[in-house]
Engineer: 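Pasting a structure here, questions to come.
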Amino acid sequence: ERNHAVNITILSGDINTGAANDNSYKVVSFNNVTNQTRLDGFSIMGGYATSYGGGVLSTNSSPVIANCNFIGNYAAEGGGALNHSGSGILTLESCIFDGNVGNTYGGGALRLYAGPVNISNCYFKSNQSNTYGGAIFAYGPVVNITNSVFAGNVSQTTGAAIRIGDTGTLHLNNSLL
């Protein structure tokens, strides 16, 4: 079995022109997948979405994402690392979100418009939103966060770490903000 910490596999949106704004819009896309779909042990970096989800776009899906690093992804509309919308259960286990940017509609790392969402043993560091939720912006879903750490995330308006919109529920257990 591959040791993902030693044998790093990178999924990159960088097409090597030197400019970030011409990178791939999405690095990974899930559309109508079940929880039998698992993304495990990858570094996802350099996505540059003109809309949502620079690293991963998840629509009407229930993927399990584990042991992944999301580094330096950007989304003009929100969800720099990952955008989850439509329907489906999103599961994130032992992932790192570092230096991602979600611009207009929030969520430097995660923009969550479907759920429930289960997050465990994750680390959110230095993510930024120009609006809501430096690390996470959730509007509508139930978000369960366990054994996770949030450090140095920035929002220009509300929720440097987490912003729950007008609807939605946050269950936060044994985590540091």
Engineer: Can you list everything that forms a side-chain hydrogen bond (donor to acceptor under 3.5 Å, both in side chains) with Asn83? Sequence neighbours excluded, please.
Structural biologist: Arg111

Engineer: Please determine whether residues Leu172 and Val143 belong to a single hydrophobic cluster, defined as Ile, Leu, Val, Met, Phe, Trp and Tyr linked transitively by side-chain heavy-atom distances below 4.5 Å.
Structural biologist: yes

Engineer: At their closest point, which heavy atom of Ser129 faces which heavy atom of Gly107, and how far apart are they?
Structural biologist: OG-N, 3.7 Å

Engineer: Not counting sequence neighbours, list each pair that qualifies as a side-chain hydrogen bond (donor to acceptor under 3.5 Å, both in side chains) and has a residue in residues 53-67.
Structural biologist: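 For residues 53-67: Asp40-Asn67, Ser58-His84, Asn60-Ser87.
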
Engineer: Could you give the distance from SG (Cys95) to CD1 (Ile44), rounded to the nearest 0.5 Å?
Structural biologist: 8.0 Å

Engineer: What closest approach, in Å, do Thr157 and Asn130 show between heavy atoms, and which atom pair accounts for it?
Structural biologist: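 Residues Thr157 and Asn130, closest heavy atoms: CG2-O, 4.4 Å.
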
Engineer: According to ring pair (Phe, Tyr, Trp, His ring centres under 6.0 Å), who are the partners of Tyr113, at least two apart in sequence or on a separate chain?
Structural biologist: Tyr139

Engineer: So does Ala114 get a backbone contact from the side chain of Ser85, meaning a donor-acceptor N/O pair under 3.5 Å?
Structural biologist: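 Flag not set: sc Ser85 to bb Ala114 has no pair under 3.5 Å.
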
Engineer: Would you say Phe42 and Ile71 are hydrophobically clustered, going by side-chain heavy atoms of ILVMFWY under 4.5 Å?
Structural biologist: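 No, Phe42 and Ile71 fall in different hydrophobic clusters.
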
Engineer: Has Thr158 got a side-chain atom pairing as donor or acceptor with Tyr132's backbone, closer than 3.5 angstrom?
Structural biologist: no

Engineer: If the condition is side chain to side chain contact (heavy atoms under 4.5 Å, CB included), which residues does Asn174 pass it with, not counting sequence neighbours?
Structural biologist: Asn147

Engineer: Would you mind listing the cluster partners of Ile89? Hydrophobic ones only (ILVMFWY), side-chain contacts under 4.5 Å, chaining allowed.
Structural biologist: none

Engineer: Could you walk me through whether Leu177 and Ile162 satisfy the side chain to side chain contact (heavy atoms under 4.5 Å, CB included) test, starting with their C-alpha distance in whole Å, then the side-chain angles of each, then the deciding distance to 0.1 Å, before giving a yes or no?
Structural biologist: CA-CA 9 Å; Leu177 298 170; Ile162 303 167; 4.0 Å; yes

Engineer: Of all heavy-atom pairs between Thr131 and Asn103, which one has the smallest distance, and what is that distance?
Structural biologist: OG1-O, 3.4 Å

Engineer: Can you see which heavy atom on Asn73 is nearest to which on Met45, and at what distance?
Structural biologist: OD1-C, 3.4 Å

Engineer: Should side-chain heavy atoms under 4.5 Å link Ile, Leu, Val, Met, Phe, Trp and Tyr, which residues sit in the same cluster as Ile96?
Structural biologist: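 So far as hydrophobic clustering goes, Ile96 is joined with Tyr123, Val149, Leu176.
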
Engineer: Of the non-hydrogen atoms in Asn153 and Phe124, which two are nearest, and what is the gap between them?
Structural biologist: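 Heavy atoms only, the tightest pair is ND2-O, 3.1 Å.
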
Engineer: Please round to the nearest 0.5 Å and tell me the distance separating atom CD1 of Ile65 and atom OG of Ser94.
Structural biologist: 13.0 Å

Engineer: Scan residues 158-177 for pairs that pass ring pair (Phe, Tyr, Trp, His ring centres under 6.0 Å), counting only residues two or more places apart or in two chains.
Structural biologist: none

Engineer: Quick one: do Leu11 and Leu90 end up in the same hydrophobic cluster if we chain Ile, Leu, Val, Met, Phe, Trp and Tyr together by side-chain heavy atoms under 4.5 Å apart?
Structural biologist: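 Yes, Leu11 connects to Leu90 through the hydrophobic network.
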
Engineer: If I compare all heavy atoms of Gly54 with all of Ala75, which pair ends up nearest, and what's the gap?
Structural biologist: N-CB, 3.7 Å

Engineer: Report the distance from atom CD1 of Ile136 to atom CZ of Arg163, rounding to the nearest 0.5 Å.
Structural biologist: 13.5 Å

Engineer: In chain order, what residues pass the side chain to side chain contact (heavy atoms under 4.5 Å, CB included) check against Thr50, with sequence neighbours excluded?
Structural biologist: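 Residues passing side chain to side chain contact (heavy atoms under 4.5 Å, CB included) with Thr50: Tyr25.
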
Engineer: List for me each residue that meets salt bridge (charged side-chain N to carboxylate O under 4.0 Å, His left out) alongside Lys26, sequence neighbours excluded, and say none if there are none.
Structural biologist: none

Engineer: Return the CG to CG distance between Leu92 and Asn144, rounded to the nearest 0.5 Å.
Structural biologist: 11.5 Å

Engineer: Which residues, ordered by chain and number, are linked to Tyr52 in its hydrophobic cluster, where ILVMFWY side chains connect at heavy-atom gaps below 4.5 Å, directly or through other members?
Structural biologist: Leu57, Tyr105

Engineer: Is it possible for you to say whether Val56 and Phe137 belong to one hydrophobic cluster, with membership spreading through side-chain heavy-atom contacts below 4.5 Å?
Structural biologist: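 Not linked; separate clusters.
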
Engineer: Treat each ILVMFWY residue as a node, draw an edge where side-chain heavy atoms are under 4.5 Å apart, and state whether Val33 and Leu39 are in one component.
Structural biologist: yes

Engineer: Can you list every pair that meets ring pair (Phe, Tyr, Trp, His ring centres under 6.0 Å) and has a residue in residues 56-75, with sequence neighbours left out?
Structural biologist: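 Sorted result for residues 56-75: Tyr48-Tyr74, Phe70-Phe97.
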
Engineer: Does any N or O in the side chain of Asn127 come within less than 3.5 Å of the main-chain N or O of Asn100, such that one atom is a donor and the other an acceptor?
Structural biologist: yes

Engineer: List for me each residue that meets side chain to side chain contact (heavy atoms under 4.5 Å, CB included) alongside Ser148, sequence neighbours excluded, and say none if there are none.
Structural biologist: Ile119, Cys122, Ile145, Phe150, Ser175

